[in-house]
**Student:** 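A single structure is presented below for examination.
Reminder, nothing fancy here: chain letters follow the sequence lines and each chain counts from 1.
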Protein chains: 2
Amino acid sequence: MSIPAGADEGSGMPARTTERRRRLREATLDEIHAAARRLLVDKGPAAVTINAVAREVGMSGPALYHYYAGYDELVGAVTAGFFRELAEAMGRARDAHPGAPIAERLVAACRAMRAWATTHPAEFGWIFASPVTPSNRQPASARHQAAQRFEQILLDLFVELWRTHPFPVPDPADLPPSLREQLAAYSDTIGGLLPPEAAHVFLTCWTRMYGLLCMEVLHQLDFAYTDMEPVFEECLRDLAGRLALDLPAQSATPPAT
Amino acid sequence: MSIPAGADEGSGMPARTTERRRRLREATLDEIHAAARRLLVDKGPAAVTINAVAREVGMSGPALYHYYAGYDELVGAVTAGFFRELAEAMGRARDAHPGAPIAERLVAACRAMRAWATTHPAEFGWIFASPVTPSNRQPASARHQAAQRFEQILLDLFVELWRTHPFPVPDPADLPPSLREQLAAYSDTIGGLLPPEAAHVFLTCWTRMYGLLCMEVLHQLDFAYTDMEPVFEECLRDLAGRLALDLPAQSATPPAT
DNA sequence: ATGTTTACTTAATGGCTCTAAATAAAACTA
DNA sequence: TAGTTTTATTTAGAGCCATTAAGTAAACAT
C-alpha cells in the first residue's frame, strides 16, 4: 500500500535498527494508518484519538508514542498518506493515455481529483478540517511534503501546457504591483518554470477548483446544490475556455482508487 | 451587543420566566459568548471547551448546561453570533451610501465581508473549522438561521441588481440538465426572486468569493501568497466584469466593525 | 554472557464532556 | 405571609482523552 515515505515518521524513530525490525515497524505503521482511517470513515474525525487508534491496532494507549511524538504528528502522518493517495490517483489519470493531448490529460487529472474527493469524502474533508499545527507546517514534515507533491501534479501539467500550447495570460501591467511581486516570488520558488503571468493563471485555476472542492466537502453549498458534479464540470469548462484548451465535448470521469 | 435572537437558545431554556430573570439570563449568555470568543481568539479553537468557558465566566463546569444542552449547541450559538456580526458589517457597508449605484453597494458589501474575515481571522476560521453537527444543520437552529441571513445579504443585492441593471446570463440550453434542475429548485427556494440562469450567476460569484476566503483563512494558499488582498480584488474585478458592473477604478476598503 | 536498544506494559496526572444529586435563592401561589 | 415550585448553581462522579513516568520482556550487539 504505502510507498516508503523517506522522511522520519516520529520522534520515537529509533536510530540504528536492523532490517527485520525496520519491516516490522513499517507494518505497524501501516496498521496504525489503516486503523485511524477506519475510525475516521466509520465514526467521524472526532473518533480518531490516540487511545482509540491504539485500541483498534491491539495495543494499549501510550504504545503509540513509540511511533509518533503525539497526536499532532499522527494526524500529520495520516493526512500525508491521504495527500499521497490523492496525488497517485491524479498521476494515474494523467498517465492513463500518455499519447493524448496535454489538454485532455490535464482535465483528466482534475476530474481524478474530484473523483477521489467524492469517493473519499471523509479523507478529503480531513485534509481541510484537521487543523494544520505548526509542526505540520514545517517544510520537513511529512504532511507538507506530501501536500507539495500533490500540488506539483497540476503544476507540472500546467508547465507542460505552457511549453507546448501557451495559454493567454494577462498583461502584467494590468496587475497591481503587490500581486506582481508575489507572483514573481512564486515564479522563483517553482524554479521559473512558469513566468509570473502564467503562474497567475495557474494559481487562479488552482484556487477555483480546489476552492470549489473545499466548499463542497465542507458542506458550504448545501443550501443550493444537492449534486456538485455538474457545477464542477461547469467550472472545468470555464477554466478550459480561459486556457484556450480544445477538448472533446465530454469525456467519461476516470475511475478512482 | 446582541440583538435578541428570537429562537430558543438551549434545551435548558426555562418555560415561564419573569422579565428580570430573562434579562439576567440574556446577560449571562452574552458573558458566555464573550468568554468563548476571548478563548478562541487568544488560545485557539481547541481552548474553547465547556469547562474553560465556564471557568472564564466565573461559574463551575456543569452550570453551563443550564444555558446550552451541550458542547455542540454552544459552538452553534457562538458561530451564529459570528454570522450575525459578519452580516451586520456587510449590511452597514451596503447602507453606508444609500444613494450610490447598486454596483458600488454590492462591491462594498463584498469588501466588507473580506474586511471582517481578515480583521477577525479566528472567528471567520471558526465558521469553517468548527464541524457542523447534525443539530446545527437543522433549519430551526440558530446557526442555520444566522448563516442564512448572512447569505441573504448578497442575494438581496443581486436581486436588486438583477431588477435594475440585469446582468448577462448563460443560455439555459448550454447548461447540463441536472444543473438546470438544481438551479430551478434553488430559484424556487428563494421565492423566484432570481430566475435559474441569474441564480446560477449569483451562485458562481458567491462560490468564488466565499471559496477564496475559505481557502485564505484555512491557509491553503500560503504556499503561493503572503497577502491575499490583491488576489481578492482581482477576483472582485473579474466578477464585476462578468456582471457588467461599471465601477470607479478603485475605491477604499470600508472599515470593519 | 552481558549490556543496550526496542517495543511494549501499567500507573498516574490532569483535562475534558456530561449526568446525577443536592442546595440556595427567586418567583409564584394560597 | 407561608409554602411550593422554578431557576441557577454547586459538588461528586463516571468515563473518556493526551501525555509522562517507570517498569518489563524480547531482540540485538559485542
**Student:** Atom CG of B:Leu74 to atom P of C:dC16: distance rounded to whole Å?
**Tutor:**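 To the nearest whole Å, that distance equals 13 Å.
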**Student:** Nearest to the side chain of B:Tyr67, heavy atoms from C-beta on, is which of C:dT19, C:dA11, D:dA8?
**Tutor:**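 Comparing C:dT19, C:dA11, D:dA8 against the side chain of B:Tyr67, the answer is D:dA8.
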**Student:** Hey, which of these two, A:Ala47 or A:Pro62, hits DNA chain D nearer its 5' end, going by closest nucleotide?
**Tutor:**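 The residue closer to the strand's 5' end, by nearest nucleotide, is A:Ala47.
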**Student:** Would you call the rings of B:Phe124 and B:Phe128 parallel, tilted or perpendicular if under 30° counts as parallel and over 60° as perpendicular?
**Tutor:**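 The arrangement is perpendicular - the two ring planes meet at more than 60°.
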**Student:** Within less than 4.0 Å of OP1 or OP2 of D:dA27, is there a side-chain N or O belonging to A:Arg25?
**Tutor:**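 The answer is no; no side-chain N or O of A:Arg25 sits under 4.0 Å from OP1 or OP2.
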**Student:** Considering only NZ, NE, NH1 and NH2 on the basic side and carboxylate oxygens on the acidic side, decide whether B:Arg114 and B:Glu216 come within less than 4.0 Å.
**Tutor:**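 Here B:Arg114 pairs with B:Glu216 in a salt bridge, since their nearest N and O are under 4.0 Å apart.
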**Student:** How long is the line joining CZ of B:Arg22 and C1' of D:dT7, in whole Å?
**Tutor:**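 Answer to the nearest Å: 16 Å.
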**Student:** Side-chain N or O of A:Arg21 versus OP1/OP2 of D:dA26: is the shortest distance under 4.0 Å?
**Tutor:**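 So the side chain of A:Arg21 is outside the cut-off, no N or O lying under 4.0 Å from OP1 or OP2 of D:dA26.
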**Student:** Flag the pair A:Phe150 / A:Tyr210 as yes when their ring centroid distance falls below 6.0 Å, and as no otherwise.
**Tutor:**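 Aromatic pair counts; centres sit under 6.0 Å.
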**Student:** OP1 or OP2 of D:dA18 less than 4.0 angstrom from a side-chain nitrogen or oxygen of A:Tyr71, does that happen here?
**Tutor:**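 Looking at the OP1 and OP2 atoms of D:dA18, neither is under 4.0 Å from any side-chain N or O of A:Tyr71.
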**Student:** Which nucleotide in the list C:dT19, C:dT9, D:dC17 gets nearest to the side chain of A:Arg55?
**Tutor:**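 The listed nucleotide nearest to A:Arg55's side chain is D:dC17.
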**Student:** Taking CD from B:Glu56 and P from C:dC16, how many angstroms apart are they, rounded to a whole number?
**Tutor:**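 That distance rounds to 12 Å.
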**Student:** Can a side chain N or O of A:Thr49 be found less than 4.0 Å away from OP1 or OP2 on D:dC17?
**Tutor:**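 For A:Thr49, the contact criterion (side-chain N or O under 4.0 Å from OP1 or OP2 of D:dC17) is met.
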**Student:** Can you check the B:Glu26 CD to D:dT7 P distance for me, whole Å?
**Tutor:**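 After rounding, the gap between these two atoms is 16 Å.
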**Student:** Taking atom P of D:dC28 as reference, at what distance in whole Å does atom CD of A:Glu19 sit?
**Tutor:**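 Nearest whole value for this atom pair: 12 Å.
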**Student:** Please check the phosphate of C:dC16 (OP1 and OP2 only) for any side-chain N or O of B:Asn51 closer than 4.0 Å.
**Tutor:**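 For C:dC16, OP1/OP2 do have a side-chain N/O of B:Asn51 under 4.0 Å.
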**Student:** Round to a whole Å and report the spacing from CG of A:Leu64 to P of C:dT6.
**Tutor:**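 Checked: the CG to P distance equals 18 Å.
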**Student:** If you take all heavy atoms of B:Ala93 and B:Ala112, which pair is closest and at what distance?
**Tutor:**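 Nearest pair, atom of B:Ala93 first, then B:Ala112: CB-CB, 3.5 Å.
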**Student:** B:Ile50 has an atom CD1; how far is it from atom P of C:dC16, in whole Å?
**Tutor:**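 Whole-Å distance recorded here is 11 Å.
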**Student:** When you measure from the side chain of A:Arg20, which nucleotide among D:dC17, C:dA7, D:dA27 comes out closest?
**Tutor:**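 When the side chain of A:Arg20 is considered, D:dA27 is the closest of D:dC17, C:dA7, D:dA27.
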**Student:** Report the distance from atom CG of B:Leu74 to atom OG of B:Ser130, rounding to the nearest 0.5 Å.
**Tutor:**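 Spacing of CG (B:Leu74) from OG (B:Ser130) equals 10.5 Å.
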**Student:** Counting any heavy atom closer than 4.0 Å, what does A:Gly61 reach on the DNA or RNA strands: base, sugar-phosphate only, or nothing?
**Tutor:**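 Answer is nothing: A:Gly61 stays at 4.0 Å or more from every strand.
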**Student:** Whole Å only: how far is the OH atom of B:Tyr65 from the P atom of D:dT11?
**Tutor:**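 Distance check: B:Tyr65 OH to D:dT11 P gives 16 Å.
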**Student:** Would you mind telling me which of D:dA12, C:dT10, C:dC8 lies closest to the side-chain atoms of A:His66?
**Tutor:**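 Taking heavy atoms from C-beta onward, the closest nucleotide is C:dC8.
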